[in-house]
Amino acid sequence: SSGGKSALECWAAFPNGSFWVLPMAAALVGPTGSMVTALANAVYAAPNAACIHLMRRDAPIAQRRSTSWIDQSALVALGVGLALHLVGPAPTFSRWILDASGPVFAFVGAALFAGSVLHPHNISIGNGADGVRRWLGLTLVRIVCLAPIIALDHSRTVQVVAVLSALGAPAFNPPQLAVLYGYRSGAVNASVRWGWLFLPIGYGAALVFR
């Protein structure tokens, strides 16, 4: 297995911070839940960038160097946002931009996710037992890493965000990146097929910590 494929399968076990954790945390614990999730998502930008680098390097479908900045746009956006924060607070009109763009981006992201899951490239791989085992193993690592935060943190908000991250929806990016870069991964298929089963467990647990 190449480093790029391993990075892709690790990403398949990442928590879905944008489409699941952020809105659910906001609904359960209010604006502080959104803030904590947004900060966590900003931290994810670093490992995500490393995964993208490895996937581009080992991609079965060769990638042009000029497209690197597009693939790494999340890291670029984070850097720009931090730089603007040093200049001064966000203007008041940015709130309305976020309110309008949020549903649009959510719809586009969900559409791209559904389209990539149903893409012939991913469908042709199937859902073998080996892929399910790899995904379950990586998911267990995610849960184990977040368990100390859930058990020991004294912040109710942080605990809720950690629970939703540990037991939540599958990440939307891996099936799209599998198509884009040409990787064939049963673990990615397993994540989008079985990852949804964690949702009722995660939601119920988050209500307990709420």
Side-chain angles (χ1 to χ4, degrees), residues 1 3-55 72 74-75 77-79 81-82 85 106 109 113 129-175 177 185-210:
S1 177
K5 185 176 180 180
S6 297
L8 174 66
E9 294 189 346
C10 287
W11 197 333
F14 275 26
N16 188 322
S18 299
F19 292 89
W20 164 250
V21 180
L22 195 150
M24 291 305 299
L28 291 173
V29 290
T32 55
S34 299
M35 180 186 69
V36 171
T37 307
L39 291 173
N41 289 345
V43 173
Y44 293 151
N48 288 355
C51 287
I52 289 173
H53 169 74
L54 292 172
M55 285 186 282
Q72 296 286 13
L75 187 63
L78 176 62
L82 290 174
H85 178 69
F113 170 74
D130 182 61
V132 174
R133 284 193 296 269
R134 292 202 307 277
W135 166 73
L136 278 174
L138 292 168
T139 300
L140 181 60
V141 171
R142 179 187 79 202
I143 295 172
V144 168
C145 288
L146 289 167
I149 298 175
I150 299 170
L152 303 175
D153 200 288
H154 298 295
S155 168
R156 176 174 59 99
T157 299
V158 172
Q159 286 179 318
V160 168
V161 171
V163 167
L164 293 172
S165 299
L167 303 166
F172 280 7
N173 298 86
L177 297 174
S185 170
V188 169
N189 282 5
S191 72
V192 299
R193 183 182 181 92
W194 302 109
W196 302 99
L197 298 178
F198 286 111
L199 261 65
I201 303 172
Y203 179 71
L207 288 176
V208 172
F209 285 94
R210 180 184 176 186

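Predicted model, so just to flag it, every value in this text is computed and none were measured. Just so you know, residue 1 is the first one in the sequence shown, and it goes up from there.
Closest of all the heavy-atom pairs between Trp135 and Ala187 is CB-O, 3.7 Å. When all heavy atoms are compared, the tightest approach of Ala49 to Leu75 is CB-CD2, 3.7 Å. Nearest heavy atom pair, residue Gln72 against residue His53, reads NE2-N, 3.8 Å. Across all their heavy atoms, Leu78 and Ala45 have their closest contact at CD2-CB, 3.7 Å. For the pair Arg142 and Gly168, the tightest heavy-atom approach, listed with the atom from each and the gap, is NH2-N, 4.2 Å. Nearest heavy-atom pair across Ala12 and Ser191 is O-CB, 3.7 Å.
Counting heavy atoms from C-beta outward, Asn173 and Phe113 have side chains that stay 4.5 Å or more apart. Contact check for Val188 versus Trp11: no side-chain heavy atoms found under the 4.5 Å cut-off. Between Leu136 and Leu140 there is no side-chain heavy-atom pair separated by less than 4.5 Å. Taking the side chain as every heavy atom from C-beta outward, Leu146 and Ile149 approach each other to under 4.5 Å. Using a 4.5 Å cut-off on side-chain heavy atoms (C-beta onward), Cys10 and Leu138 make contact. With contacts defined as side-chain heavy-atom distances shorter than 4.5 Å, the pair Pro31/Met35 does not qualify. Residues Asn48 and Phe14 form a side-chain contact, since some pair of their non-hydrogen atoms from C-beta on lies under 4.5 Å apart. Counting heavy atoms from C-beta on, the side chains of Pro170 and Asn16 never come closer than 4.5 Å.
Considering CZ of Phe209 and OG of Ser155, their distance stands at 12.0 Å, rounded to 0.5 Å. Rounding to the nearest 0.5 Å places CZ of Arg210 at 8.0 Å from CZ of Arg156. Between the OG atom of Ser34 and the CG atom of Leu22 there is a distance of 5.0 Å, given to the nearest 0.5 Å. Atom NZ in Lys5 sits 5.5 Å away from atom CZ in Arg134 (nearest 0.5 Å). Atom CE of Met24 sits about 11.0 Å away from atom OG1 of Thr37, to the nearest 0.5 Å.
Residues that satisfy the side chain to side chain contact (heavy atoms under 4.5 Å, CB included) test with Leu199, not counting sequence neighbours, are Trp20, Ala169, Trp196.
Atom OH of Tyr203 has 12 or fewer heavy atoms from other residues, nucleotides or ligands within 6.0 Å.
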Quick one, Asn41 with Ser18, criterion side chain to side chain contact (heavy atoms under 4.5 Å, CB included). Give me CA distance, side-chain angles, the key distance, then yes/no.
CA-CA 8 Å; Asn41 289 345; Ser18 299; 4.0 Å; yes
Contacts table for residues 159-167: side-chain donor-acceptor under 3.5 angstrom, sequence neighbours left out:
unit_1	atom_1	unit_2	atom_2	d
Gln159	NE2	Ile150	O	2.9
Gln159	NE2	Asp153	O	2.9
Ser165	OG	Val161	O	2.8

